[in-house]
Structure formats: C-alpha cells, structure tokens
Amino acid sequence: MSRKGFLQTAGQVMAAGVAGGLAISCQTGGQTPAYPVPTNRTFTTTGGQQLHSSPPYSPPAKVPAGVDAPIELEAWKSDADRKSAPVPTPLPADQRVGYALVGLGHLTLEEILPAFGNCKKSKPVALVSGSPEKLQKVARQYGIKPESCYSYETYDKLKDNPEVQVIYIVLPNSMHAEFTIRGAQAGKHILCEKPMANSQAECQAMIDACKKANRKLMVAYRIHYEPNNRYVRDQIRKNEYGKPKFVDAYNAQSSANPAHWRHIKALAGGGALPDIGLYCLNTTRFILGEEPSEVFAYTHSDPDNPLFNEVEEVCSWQMKFPSGVIANCATHYNVHDSRQYRVMTERGWYELANAYAYSGQKLTTSRADGTIVRQETVSILPKNQFATEMDYFSECILDDKAPYSTGEEGLQDQRIMEAIYQSAREGKPVKLATIEKTDAFRGPEPQLQ
Ligand code: NDP
C-alpha cells in the first residue's frame, strides 16, 4: 500500500472508531481491542465546565498470591529498551525487621534513615543518641515512638523492646566494639558500620560476643551489594577477558575539621586508610576472591597541617596476591574527591568511576575485537545501596541465613590494615598468612533481587 493509501485507510478507521465510541487497541497485528475509548463520557469541573474523561479500566495483570512475588503489569515496551526493575514487593509493615539506629550523625541522618523509604523488609523502630533534641526531632520525623528513644546510658534497655530485632551501629570507630557487644548481650542482631573496629582484638571480641549470644553479626560493606561492583566481580571470576593481572584503586576526599573524631587517632583508629582506603582494600579482595600474602606501604602527613597531627593524610600501598595479581591502592584525606578503580586482565580491562560513592557509578570496559578496540559503557539499573544492604540483612534474619559480610571479613581487613601501617613504619614489605581458599572469610553468596 502506498503511503497516501495507508494514511487514507487509517484516517477512515479512526474516524469510524471515534464516531461509534468503539473500544480500540494501540496494539497492531489484529489483536482483540482492549481499551474502551471515550466519546461521550464527560464530567463536570467545579467551575461547571464539561470535560471528557475515560471510563475506568484495569488492564490485565498477573497478581500472584504471595506478598514476595511481584505483580506483573501489562507490558508495553519492546525489547529495544531496557526492562524496568520488577514491581517492588514490600512486606507488610508488621512483618518487617525493626532496626534501632545508634548515633544520629551524617550517615544516619543523610543516608540510612531516608533509605528506609526504599526498604521492603526493614523499618526504623528505635533511635539511640546523646542528643535529646535530635532524638525528639528525628523520632517525630520518622514516626518513632518516644519510648523507643534511648541515650547511650539507657542503651541496654533495648533488650526489653521486642520491636527491635537489629541494632545498626553508626558511631565513631572506637565505639563499634562496645556497642556491638552490649547490643548482642541485649539479645539483638548487629549490623555494624565499617571499619569493624580499631584493633583485631576488638573485632574478635565482637565476633565472640555475637556467637555467644547466638545473634547474627554483619559488617556494613555496602559495596558487596552494589550492582556495578558485583558485575565486575562476576566478570572477573568468570575470566571473561582473561585472568585478572593488576588492580589500580584509589579513594580520596578532603577534610577540614581537626576537632572531628576522624582526626583523633583514639576514636578513628587511623586516618584516610580505615575510613575510605578500606574501600580499595575490601573491594579488591571482594572482586578477586583472594587474600593478599604481602603488603608494602607509604604514609605521609603534612607536619604543618593540624588536621594530620594524629592520623595520616595519605596512604599508598601495594598488595601481592598468591595468583600473582598486584593491587596498587591509594587513599588521601586532602584532595578533591576521587573514587575509582581499574582491573586489568589478560585481554581487557574494567574501569569503575565513582566506584565507592553512594551513587553515580560509571562502568567502562575495553577489549580487542580483531582490528578494533571495543570500549563499552555498561549501564546497570541503580539501587539504593543502604536499602539493599539493610534488606539483605533483614532477609538473613527472616530466613535464618548466615550473612555474607561477616565479622571475620571485617577482622581480615583489620589484620591487613595493621600490616599496611607496619610496612609504612618499617619501610619494608610485610608478609601475611597465605590463604588458599576463595572467599575465605565471607558467608554464603546472597541471592539479591
Ligand atoms: P558522624 O560524626 O557524622 O556521626 C557520628 C555520631 O556518633 C555523632 O553524630 C554522635 O551521634 C555519635 N557519637 C557518640 N559519641 C561520639 C563521639 N565521642 N564523637 C563523635 N560522635 C559521637 O559520623 P558518620 O555518620 O560519618 O560515621 C559514623 C560511622 O559510619 C563511622 O564508623 C564511619 O566509618 C561509618 N561510615 C560509613 C559509611 C558508609 O558508606 N558505609 C559512610 C560514612 C560513615 P549523637 O549526636 O546522635 O549522639
């Protein structure tokens, strides 16, 4: 049919449909008309004007019985576009795992509490803070009962609050051990922010306390649940572009307040390394599945800058893995922010910009294809990292599963960080125990939706 003929025929069909008030379908291929199209349905506005409307109509949808099975809505996009994520399957509020947030600082107020809005299995039910003003205000904002607000002194009374199943420790690093141990003694499961603590002895005591109380312990390594980092890990583990050979990773940002706990060694444990360098360390281990057998490091602090009287300004280190992979890592507390890694393999590379940021990851890969070098950007549906991580821990509790990001994983990072500092002090490489097992310190692989 000519273009003119097509337009004429289409015009006649549309005119006939509109005149008769027919139900027509947007779909082609002679399918049964689905949507009733209005011709004479009107409603009256408050100003007395008559407007046309559509008759209510529920398109076909699959509605499975279980709350955890997503509703499947009528599709309308072709495979040419990315599929949208499945419809969320939130648990009814009374079935969600209740969290007590300990410490109402930047991370809790700016990221964690807002992230509950994206959670399907977790809800905030209690707060712990040294500030009565913050407690009162935040409790009102998030619908927490006044009797579920605690100070650090009344913290142990959480044991009498049956709504609280998880205590999420978001305090300065030096307080993680005490509040984890007291929390486990109060009979609650523990999600503890990274770094797990300031010494191996503290990490071990936290693991022991949770084991003794038969409570689950997870260290909040959100990167373990972030889709871009998981994708890189999966490709590397499959040797998709050949074996991994070299990792270059850095995580750096600025700081300005020497009075802040991050600049006091007794509170922070160190400077840039335990706070942000840890991401390079832990994510490299996560991607490779191996443990370093040797480290070599430099640290430096500007002697004229009061920010770095107690903690290091910069730490640069290398890790040697049993397979021969070398990782070159750096972290800095006194530069514009920069968070990135590249994993070089035998036949390609993976580069993740904003690798450790809360959002905005940009993944590029490169490989040779005959005479062409093919560089691709891989765009993965983003997820709220804090909501994903909390829901995963809630699932571990609801289904009684061992968490992936274990206390032993946090302890291993601490062990390696202590070796990094030792190397920087002594100016020579420090050997670590050679560990043959893959993913030696992690729990069972999570099945993330
Ligand atoms: P903030 O300094 O913003 O908040 C810490 C809060 O801890 C304070 O607001 C205060 O809460 C409470 N607190 C109790 N005792 C002290 C003390 N002696 N000095 C200072 N604060 C105290 O820190 P962040 O929220 O940035 O970090 C908290 C934890 O979260 C750290 O372990 C950090 O490493 C980790 N973190 C993790 C991130 C991630 O992406 N996973 C990102 C950022 C931080 P209140 O006033 O309510 O008593």
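Bear in mind that the values here come from a model prediction, so they are computed numbers and not experimental data. Counting starts at 1 for both ligands and their atoms, in listed order.
- Between Lys265 and Glu310 no salt bridge is recorded (no basic side-chain N to carboxylate O distance below 4.0 Å).
- Under the 4.0 angstrom criterion for non-hydrogen atoms, Phe179 is not in contact with ligand 1.
- Here the two rings, on His263 and Tyr333, have centers that are under 6.0 Å apart.
- Each of Asp391, Leu191, Val166 was scored for a side-chain contact (heavy atoms from CB on, under 4.5 Å) with Ser122, with one residue passing: Asp391.
- The side chain to side chain donor-acceptor pair (under 3.5 Å) test with Tyr341 singles out one residue from Asn251, Asn229, Thr283, and that residue is Asn229.
- Distances below 4.0 Å separate heavy atoms of Arg222 from the following atoms of ligand 1: 39 (C), 40 (O), 41 (N).
- Taking every non-hydrogen atom of His176 and a distance limit under 4.0 Å, the qualifying atoms of ligand 1 come out as 32 (O).
- Every atom of ligand 1 is numbered from 1 in the order shown, and the set under 4.0 Å from a heavy atom of His260 is 2 (O).
- Of all protein heavy atoms, the one lying nearest to atom 2 (O) of ligand 1 is Trp261 NE1, 2.7 Å.
- When heavy-atom distances to ligand 1 are checked against a 4.0 Å cut-off, Glu193 comes that close only through its side chain, counted from C-beta outward.
- Scanning the protein for heavy atoms near atom 46 (O) of ligand 1, the closest one is Lys134 NZ, 2.6 Å.
- Between Gln412 and the options Gln200, Arg442, Glu291, a side chain to side chain donor-acceptor pair (under 3.5 Å) holds for only Glu291.
- Summarising the contacts of atom 32 (O) of ligand 1 with Leu127, Val102, Asn173, Leu135, the nearest heavy atom is found in Asn173.
- When only non-hydrogen protein atoms are considered, atom 48 (O) of ligand 1 lies nearest to Tyr152 OH, 2.5 Å.
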Would Thr180 and Cys210 count as a side chain to side chain contact (heavy atoms under 4.5 Å, CB included) here? Give the steps. CA-CA 8 Å; Thr180 292; Cys210 291; 4.0 Å; yes
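- Residue contacts with ligand 1: Tyr221 is excluded, as none of its non-hydrogen atoms falls under 4.0 Å.
- Taking each of Ala220, Ser129, Gly105 in turn, the one with a heavy atom nearest to atom 45 (P) of ligand 1 proves to be Ser129.
- At the shortest separation from atom 35 (C) of ligand 1 among protein heavy atoms lies Lys194 O, 3.6 Å.
- At the top of the distance list for atom 28 (C) of ligand 1, counting protein heavy atoms only, stands Val170 O, 3.5 Å.
- The shortest heavy-atom distance from Met175 to ligand 1 is under 4.0 Å.
- Around atom NZ of Lys401, more than 12 heavy atoms belonging to other residues, nucleotides or ligands sit under 6.0 Å away.
- Ring geometry, Tyr356 versus Tyr279: the interplanar angle falls from 30° to 60°, so the pair is classed tilted.
- Within the 4.0 Å heavy-atom shell around ligand 1 one does not find Tyr356.
- Electrostatic pairing of Glu409 and Arg285 counts as a salt bridge here, judged by a charged N lying under 4.0 Å from a carboxylate O.
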Begin with the C-alpha distance, continue with both residues' side-chain angles, and end with the deciding distance and a verdict on salt bridge (Lys or Arg N to Asp or Glu O under 4.0 Å) for Glu178 and Arg182. CA-CA 6 Å; Glu178 177 189 343; Arg182 281 167 65 187; 2.5 Å; yes
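- Between Ser174, Pro172, Ala268, Pro132, it is Pro172 that holds the heavy atom closest to atom 19 (N) of ligand 1.
- Under a cut-off of 6.0 angstrom, the local environment of OH in Tyr142 is crowded, with over 12 non-hydrogen atoms contributed by other residues, nucleotides or ligands.
- Distances from atom 31 (C) of ligand 1 to the heavy atoms of Leu171, Leu109, Leu107 put Leu171 nearest.
- The protein heavy-atom contact nearest to atom 42 (C) of ligand 1 is Tyr358 OH, 3.1 Å.
- Which of Leu104, Val138, Leu267 comes nearest to atom 18 (N) of ligand 1 through a heavy atom is settled by distance: it is Leu267.
- Ligand 1 lies nowhere less than 4.0 angstrom from a heavy atom belonging to Glu111.
- The Pro195 neighbourhood of ligand 1 comprises atoms 34 (O), with distances under 4.0 Å to a heavy atom of that residue.
- Each of Val219, Leu448, Asn282 was evaluated against His224; a single residue qualifies, Asn282, per the side-chain contact (heavy atoms from CB on, under 4.5 Å) test.
- Looking at ligand 1, you'll find an N or O of Tyr279 within less than 3.5 Å of one of its N or O atoms.
- Ligand-side atoms of ligand 1 in range of Arg262: 23 (O), 24 (P), 26 (O), 27 (O), 33 (C), 43 (C), 44 (C), range being under 4.0 angstrom from any heavy atom.
- Minimum interatomic distance between Tyr404 and Phe286 (heavy atoms only, all atoms of both residues): OH-CE1, 3.4 Å.
- At a threshold of 4.0 Å, the pair Asp248-Arg342 does not count as salt-bridged, since none of the basic side-chain nitrogens sits closer than that to a carboxylate oxygen.
- In terms of protein heavy-atom proximity, atom 3 (O) of ligand 1 is closest to His106 N, 2.7 Å.
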